[in-house]
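I have placed the structure first, in the form of structure tokens, so that the comments after it can refer back to it.
Sequence lines set the chain letters: A, B, ... in the order given, protein chains first and strands last, and positions in each chain run from 1. All values reported here derive from a predicted model rather than from experimental measurement.
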Amino acid sequence: MPELPEVETYRRFINETCLHQPIAEVTVQDPRRQLQLDLDEFRQALIGSQFTGTERLGKQLFLLTDRSTIVTLHFGMTGDVAYYRDETDTPRFARAVFRFQNSFHFAFVDSRKFGRLGLTESVAEFKQRKKLGPDALTLTTEELTQGLAKKKSAIKPLLLDQRIAPGIGNWIADEVLFQARLHPERPAPTLTPAEVERLAAATRQVLETAVRAEAIYRDFPAHYLIHAREWDTAPASETGQTHLNCPCCQTLIQKKYVGGRATYYCPNCQVV
DNA sequence: CAGATTGTTAGGAG
DNA sequence: ACTCCTAACAATCT
């Protein structure tokens, strides 16, 4: 689930829990898969150091330390964070655990092991190496126009391209397109400047709303498409409420695969 | 139990 | 060399 709003929420959580406390031990359950460097190097770089602050770019999280090294965290599809004192409270699927000298623990939790941990010298270096574009939370019309230049494909896969506006994931992409009233398969070259501007504005607005709601989807505004996604119908059906219709025009929400990802849209509000 | 799943990336086709 | 698309990755949930 971790798209930009979740990662931003994790960042704030870490800021409130993990800073300025010497690290006593670091364990990684499956370093060959999830750690991008040797486990001993990782431990030596961090044991005895403290986290001093955090940064975020798209879905990538950076933990600054009082040394010249920065921890990089990517949460994959199922990454989460946890902070607890007793080892007996270690969450299921804790894949990496930082124990602080005050005996509290910070855990990188990730059932599916798609997440990654690594080290970098600087955020700028990391951004360049990964070719990440400008953060989607503050995406300007100019940045989006630049990012879409010479692109030929459908707009939705481009919104998911982290080199254009990192932070947008599959669900947010659908929400942004719905709010901008654009069909997910619109070819990027056919977008008018006004539509690109609408898309950039919707991106900022959806992400700001999601961050404000701390990525808790049921707290999103009622006119959001996200309530119509299938996964929302399970809990909703228990209360007798389903939201499979467009919150704007009541048309049945369609599902199809665009760029290999499940895509939800309103065939009435979002015309190609 | 078959089929779905959030993100990223390698590999192939063009 | 670049763009675009697909499939694979691991594990879990429904």
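Less than 4.0 Å separates DNA chain B from at least one heavy atom of each of the following residues of residues 145-170 of chain A: A:Q162, A:G169, A:N170.
When the P atom of B:dG7 is taken as reference, atom CG of A:L132 falls 14 Å away, rounded to whole Å. We find that CZ of A:R116 is positioned 15 Å from P of B:dG7, with the value rounded to whole Å. One interatomic measurement links the two molecules: CD of A:Q36 to P of B:dT9, which rounds to 9 Å at whole-angstrom precision.
Using a 4.0 Å cut-off between charged nitrogen and carboxylate oxygen, A:E6 and A:K59 do not count as a salt-bridge pair. Ion pairing between a basic and an acidic side chain is recognised when a charged N comes within 4.0 Å of a carboxylate O; A:E214 and A:R12 show no such pairing. By the 4.0 Å N-to-carboxylate-O rule, A:R99 lies too far from A:E87 to be salt-bridged with it.
One finds no side-chain N or O of A:K130 lying less than 4.0 angstrom from the OP1 or OP2 phosphate oxygen of B:dT8. In this structure, A:Y257 does not reach the C:dA7 phosphate: none of its side-chain N or O atoms is under 4.0 Å from OP1 or OP2. Remark: A:H74 is in phosphate contact with B:dT8, judged by side-chain N or O atoms under 4.0 Å from OP1 or OP2.
A search for side-chain hydrogen bond (donor to acceptor under 3.5 Å, both in side chains) contacts involving A:Q162 returns nothing, not counting sequence neighbours.
Looking at DNA chain C, the stems built from 3 or more consecutive Watson-Crick or G-U wobble pairs, each pair with its key distances under 3.5 Å, are B:2-5 with C:11-14, B:7-14 with C:2-9.
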